[in-house]
Amino acid sequence: MTNKLILIDGNSIAYRAFFALPLLNNDKGVHTNAVYGFTTMLLKILEEENPTHMLVAFDAGKTTFRHKTYEAYKGGRQKTPPELSEQLPILRELLDAFNISHYELPLYEADDIIGTLARKGEQANWEVKVISGDRDLLQLVSERVTVALTKKGITNVETYTPEYMKEKMEISPEQVIDLKALMGDSSDNIPGVPGVGEKTAVKLLKQFTTLENVFANVQEVSGKKLKEKLETHQEDAFMSKELVTIHVDTPIETTIEQIGYQGYDVMKLNQLFRDLGFHSLINRIEGEEDKKQVEDTLPDLHVTIVDQVEESMLANHTALVIEMLGENYHEASIVGISIAHDKGVYFIPADVALQSSVLKQWLEDEKQKKMVFDAKKATVLMKRHGIDIKGIDFDLLIASYLINPAESHHDIPSISHRLGETSIRYDEEVYGKGAKLQVPEQDALSDHIARKAHIVNKLKQTVVQQLKDNDQWELYHDLELPLTLILADMEHTGVSVDVDRLKGMGEGLQKRLAQIQQNIYELAGETFNLNSPKQLGPILFEKLQLPVIKKTKTGYSTSADVLEQLEDKHPIISEILLYRQLGKLQSTYIEGLLKVVDDTGKIHTRFNQALTQTGRLSSTEPNLQNIPIRLEEGRKIRQAFIPSQKGWKLFAADYSQIELRVLAHIANDEKLIQAFNDHEDIHTKTAMDVFHVEKDQVTDQMRRQAKAVNFGIVYGISDFGLSQSLGITRKEAKTFIDRYLQSYPGVQTYMDDIVQDAKQKGYVTTLMNRRRYLPDITSRNFNRRSFAERTAMNTPIQGTAADIIKKAMIDLYYTLAEEQLEARMLLQVHDELIIEAPEHELDTLKELVANVMEQTVSLHVPLVVDYAFGDTWYDAK
DNA sequence: CTGCGCACGC
DNA sequence: GACGTACGTGCGCAGT
């Protein structure tokens, strides 16, 4: 077997990774994106290439021997961003853990080290592969040396052999240098011959083969201008050649034999990945038996496995973890319960726990305080088993989310590791994932779950202190914690669904879909998979020759906005649009909902209270926050949502323009406040102010545009986003936004101030002190910075609206209880609450619900709530 | 199993 | 000039 040598251009790959990936942070605030990208690439190479020898070359410093030839070499190049520089030492640490040699040499560039070693490998008859993002390296390609260049992203590469180069670039590896010498390279400040680009350079080299030959026969060059340019800049060209030529005789101290690759250090790598927060990469490290070593390194925790719950095991202020397998706590079963307090840690197997009246009594005792992770999950799980858990006064999940919603993993092990408590493994390591998900044998299970309870107990103080330091204690204690119990109630109650009605709609849709599909196949002249944009594209844009409006990464775009522009060009288009619309209803809403109805005809969604960056809730399995309403056809889905009891109605109450009212309040804009106090139609008012016209002069078109601008303000979209939604140019969109801000100077001031504030503090807050960190607000990358700026303007608006409706839910929940009404909340859809109630309570509710919602906070503008009721959700409009 | 294109809501 | 652009969830497809 021949040896295989892999040579990596360290700086180039780190650069690529840095710009290809979002600026990730680990829990210590260190940027890790370049290291992460580098790591994925290394893992891929090791998995795919099986190298016997390997080395990563780095540039040694700013000055190189090339600067002697040409002082301005690489002049004008942007300084390496500090966010990247700080990652380079980590990168070296990473390579050490991988046991991969790395090397740098004063005055030489990584290219030269690679070139030298590549030639040595070649002479030894080894297989050599060079990996870089720099096309200059292509000059090294030969029969034994291939060069892989990164394409988009970081793990995608394009591998060049001599044949592939001929085919793709029409030149040979030797000619790469001459090509560069003619073209120059602005990023390295290499002059080349002005006016000669890639096309001309290739043409010249095809004709004359080498640079020397071009100048030797310059008289034969066609084109007077070109000839002149070549003659004037001959010297530049030859100097450029010198600059781009990679040195293959660099005086390096290492030999290729010394850089053998023997495999990585599993322990070191594991530890490093954990430190860096690369949890997803840990299971790509090979060696199952080595995993055991990590296991063994966890400090012992003494756990008592309980076969009968005794009162002596239970105490006030106890951490409680109820563990289940899988995500959906409406159907999953409990695998075990652990409790931890200052006197001990216990594991109670599921069957023991559920049969114990001692435990039940303790769980239901309000005075016995419990600390948990995810109170909602624990509450719903216990409700399903007839236990009404009370006395939860700490929820680690909610606390962690409030401290930093941007953390992507709010599970006990992740939070624990972030806070420096590493004596627990990740769920994925214990349970596996996907199809391999399973409960381990009891010792491992009880140990893991017990550790969770132990950690909840241990971390409580730290987390509470963080909340207090952030001035978020009230947000946590008076808003999110009560809310989570209310949500548990709503989820457990569920919404009733008229299954027959859904099925009926499904049958009707099925017939129509079949017919439309038939029509489309006839219009297309062939059958294909209509649900595949990849197959639809060629039919529309090649076979039917329709104009291409937009492309996606993988082919033609066939999205609705594209198709709408083609609607009058071919009858097939409107059929496709209809097919898509109905197909969506069928698959997502009819079939999707039917799949999750339980045997009592109810649907139980799960509200995720610890996910969105703004403080809103989200809803899953099913998502009941995106049931169709805009188009009549879809809206009919709502007819399938019904009250759970005969003689009851659904009652829906929604805030009118809550975000714009919040904006008026936060920005304290006189005109906007006035508009709401006068109960004006806000979009018409905006149109009057933006277009400087009187009310009776506002056209539908103007109102529509004003509405889109308001929408943009509320959602923090860019001029680009606004231009898309209005079908106008970016410039026009920008004009609209500017005129809006001129009309509402208070808003303008708010926008300026909040961005400044965010820059200074690093985060923005809402009315109730919800936080969102915006590390990108000081980024030198325009896109990242702009996005962060829009987020700074938008999050306080959306987040405050979220705060308000959450508070309203709490107020309403307790008011309904106090008034001893049977009415109960079922759903929340961001600015709207869905309630079910017996008919005789409706008159009370009309007064009470709107009142509670409107009075929950007091702003500089009134909050206005509209409501409606009916026999189905559809009718509550 | 994952990423993509698409579509639904606020 | 920056080439990607509110927040979410879920579906089917296609490639691994």
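None of the values given here were measured: they were computed from a predicted structure.
Stem analysis of DNA chain C (at least three stacked-register Watson-Crick or G-U pairs, each with both distances under 3.5 Å) gives B:1-9 with C:7-15.
When the nucleotides B:dC10, B:dC8, B:dC6 are ranked by their closest atom to the side chain of A:R616, B:dC10 comes out on top.
Regarding contacts with the backbone of C:dG12, every side-chain N or O of A:K584 stays at 4.0 angstrom or more from both OP1 and OP2. A:Q535 has a side-chain polar atom (N or O) that falls below the 4.0 Å cut-off from OP1 or OP2 of C:dA14. Between A:S619 and the phosphate of C:dG8, there is no side-chain N or O to OP1/OP2 separation shorter than 4.0 Å. In terms of phosphate contacts, A:S786 brings no side-chain nitrogen or oxygen within less than 4.0 Å of OP1 or OP2 of C:dA2. For the pair A:K534 and C:dC13, the criterion of a side-chain N or O lying under 4.0 Å from OP1 or OP2 is not met.
Using a 4.0 Å heavy-atom criterion, one finds that A:T791 contacts no nucleic acid atom at all. Backbone-only contact: A:D831 has heavy atoms under 4.0 Å from sugar-phosphate atoms and none from a base.
Nucleotides B:dG5 and C:dT5, compared at atom P, are 12 Å apart to the nearest Å. Distance check on atom P: B:dA7 versus C:dG1 gives 34 Å, rounded to whole Å.
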Report, one line per pair, each donor and acceptor closer than 3.5 Å where one atom sits in a side chain of residues 792-805 of chain A; sequence neighbours left out.
| unit_1 | atom_1 | unit_2 | atom_2 | d |
| --- | --- | --- | --- | --- |
| A:N794 | ND2 | A:V714 | O | 2.3 |
| A:T795 | OG1 | A:R772 | NH1 | 2.9 |
| A:T795 | OG1 | A:T791 | O | 3.0 |
| A:Q798 | OE1 | A:R616 | NE | 3.2 |
| A:T800 | OG1 | A:L767 | N | 3.1 |
| A:T800 | OG1 | A:P796 | O | 2.5 |
| A:D803 | OD1 | A:R770 | NE | 3.0 |
| A:D803 | OD1 | A:R770 | NH2 | 2.9 |
| A:D803 | OD2 | A:T766 | OG1 | 2.5 |
| A:D803 | OD2 | A:M768 | N | 3.1 |

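When ring centroids are compared, A:Y740 and A:Y744 come within the 6.0 Å threshold.
Checked for salt-bridge contact, A:E507 and A:K503 miss the test: no charged N lies under 4.0 Å from a carboxylate O. Salt bridge absent: A:R606 and A:E491 never bring a charged side-chain N and a carboxylate O closer than 4.0 Å.
Between A:F541 and A:Y556, the ring planes are tilted. Angles from 30° to 60° get that label. Between A:H604 and A:H330, the ring planes lie tilted relative to each other; the angle falls in the 30° to 60° range.
For DNA chain C, the neighbouring residues in residues 705-719 of chain A, judged by any heavy atom under 4.0 Å, are A:Y715, A:I717, A:S718.
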